[in-house]
Asks: 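Starting off with a structure, shown below.
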Protein chains: 2
Amino acid sequence: MKQNKVPKATLQRYPIYLKALRKLHHMGVERIMSRELGNFVDIESTTIRRDFSFIGSLGKQGYGYDVASLIDVFNGQLGVNFDEKLILVGAGNLGRALMNYNRWNHVVGEIVCAFDTDNDKIGSLSEVPVYHLRDLKQYLPEGCRIAILTVSGNAQETVDLLIESGIVGIVNFTHEHIQAPKGVIVRTVDVVSTIQELIFQVNNF
Amino acid sequence: MKQNKVPKATLQRYPIYLKALRKLHHMGVERIMSRELGNFVDIESTTIRRDFSFIGSLGKQGYGYDVASLIDVFNGQLGVNFDEKLILVGAGNLGRALMNYNRWNHVVGEIVCAFDTDNDKIGSLSEVPVYHLRDLKQYLPEGCRIAILTVSGNAQETVDLLIESGIVGIVNFTHEHIQAPKGVIVRTVDVVSTIQELIFQVNNF
DNA sequence: AAGCATTTGTGATATGATGTACAAGGGTGA
DNA sequence: TCACCCTTGTACATCATATCACAAATGCTT
């Protein structure tokens, strides 16, 4: 895995494959060929085969891939941890929706606790406890690497604090563009920008 | 605009530029150079200039770009419509959070109404009315092209219905992979996959 | 047991995106 | 008004990604 650089584009497709494979497994599919999987996820079979080849020789010629063991390899080699501890920073509308949205149990781990600066939001609204952001260091779970950011202001300041505390991956739901040093990965999910891009594409047919 | 194909990668950056330009305009900045804008959004100045060049010659040599008129050009040429009518399909936790999350007013239009199949959710929980999905055709706003999908099941079926009703752009918050015919653009925003990708990248350093 | 039909994995190639270098031309100050 | 300076817009080079084409290898059938 670490020996050869996996292209960024490939890395972005792994979650798609994993999701599809889980679904297929659930449907009782035991083996699959790159062609079929390609139709399923709308990706060229040749792209899939090359993407898989970065991890190793996972298939058998003239046969295809074994779904169950493929899932295992993905989980293992890619370091998916079902107990990955996530924190949520910002317990507003969106943050609370994400807390209640516990569909990701047993897929990527779960939100262990949340933080906010608004005293009204501190406490246990749902199953997830909400602490004050100033107590971050105290309550930050051991081994927690990834934070979901849904604050409504001071995003950069909050990010700096998170990074200082050891967070290395941030899912940014904020409208602000945030900066992070090398080694920290930020992925911005902006509904507004997504809609805009969609409009641009639609207008551009 | 339509004469020359705008690269996909560029199309994905336009919303970033637009967001940054609005912020700069708000801050009172009247003119900007590609270099400065580049620092602001973490994109190479040369990439910015090239991206802009697909729309036209928007800047002046030795001067830079006029922020206000640049915003106008983007809005106009790219077809941003502040009154773009959006619908929301699926009024669960996430759907309701998005309805309350009216930060996008005056940026891309707003959610006009929502649809769900659960009778308990029909009515006016917030300012946004919620209708039964079976009445889609009746309540679908005139000229509405884009739908935000937050249903928890039967995603593909719902998508087919939306497309049949004239929707050409879908923001998919569902975990399911959905298929759409050519001409309809689907953009999937999957928190779980985003987190996974982040984990893969972090593990891959 | 042997050969055929498949499908993988990968070198070679085409396409697309990004980065470099610089000519062209407007803005600014004297 | 003139000359210099600065920044744009783009040709060219480089890098990344996707696609093509096929040899190698396995399962399946007879």
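Note on naming: letters A, B, ... go to the chains in the order of the sequence lines (proteins, then strands), and numbering restarts at 1 for each one.
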Asks: Rounded to whole angstroms, how far apart are CG on Leu37(A) and C1' on dT7(C)?
Replies: 14 Å

Asks: With a cut-off of 6.0 Å (strictly less than), are more than 12 heavy atoms of other residues, nucleotides or ligands near CZ of Arg35(A)?
Replies: no

Asks: From C-beta outward on Gln61(B), which listed nucleotide comes closest to its side chain: dT17(D), dA24(D), dT8(D)?
Replies: dT8(D)

Asks: A cation-pi test, strictly: NZ or CZ of Arg31(B) under 6.0 Å from the centre of the six-membered ring of Tyr63(B) and no more than 45 degrees from its axis. Yes or no?
Replies: yes

Asks: Might you point out which heavy atoms bring Met99(A) and Val130(A) nearest each other, and give the distance in Å?
Replies: CE-CG2, 4.2 Å

Asks: Hey, can you pull the residues of residues 38-52 of chain A with a non-hydrogen atom under 4.0 angstrom from DNA chain D?
Replies: Glu44(A), Thr46(A), Thr47(A), Arg49(A), Arg50(A)

Asks: Given atom CD of Glu36(B) and atom C1' of dT8(D), what is their separation to the nearest angstrom?
Replies: 14 Å

Asks: Could you give the CZ-to-P distance, from Arg35(A) to dA5(C), as a whole number of Å?
Replies: 16 Å

Asks: Which of these nucleotides, dA18(D), dT7(C), dG27(D), is closest to any side-chain atom of Met33(A)?
Replies: dT7(C)

Asks: For dT8(C) and Arg31(A) - does any side-chain N or O of the residue sit under 4.0 Å from the phosphate oxygens OP1/OP2?
Replies: no

Asks: Of all the choices, dT7(C), dA17(C), dG9(C), which nucleotide is nearest to the side chain of Tyr65(A) once you look at every atom?
Replies: dG9(C)

Asks: What is the distance from CZ of Arg13(A) to P of dA16(D), rounded to the nearest Å?
Replies: 15 Å

Asks: When you look at CD of Gln156(B), are more than 12 heavy atoms from neighbouring residues, nucleotides or ligands closer to it than 6.0 Å?
Replies: yes

Asks: Are the ring centres of Phe74(A) and Phe52(A) closer than 6.0 Å?
Replies: yes

Asks: For Leu70(B) and dT8(D), what is the distance between atoms CG and C1' respectively, to the nearest whole Å?
Replies: 13 Å

Asks: For Thr10(B), report the nucleic acid contact type (base, sugar-phosphate, nothing); a contact means any heavy atom under 4.0 Å.
Replies: nothing

Asks: How many whole angstroms separate atom CG of Leu58(B) from atom C1' of dT7(D)?
Replies: 14 Å

Asks: For dT7(C), does either OP1 or OP2 sit under 4.0 Å from a side-chain N or O belonging to Ser34(A)?
Replies: no

Asks: Would you mind telling me which residue lines up with the more 5' stretch of DNA chain C, Lys60(A) or Pro7(B), judged by nearest nucleotide?
Replies: Lys60(A)

Asks: Nearest-Å distance, NZ (Lys8(A)) to P (dC15(D))?
Replies: 15 Å

Asks: Would you check if the side chain of Asp135(B) reaches a backbone N or O of Tyr131(B) as a donor-acceptor pair within less than 3.5 Å?
Replies: no

Asks: Whole angstroms only, please: what is the CD1-P distance between Ile32(A) and dG27(D)?
Replies: 18 Å

Asks: Nearest to the side chain of Ser53(A) - dA17(C), dG9(D), dT10(C)?
Replies: dT10(C)

Asks: Do Phe54(B) and Tyr14(B) have ring centres separated by under 6.0 Å?
Replies: no

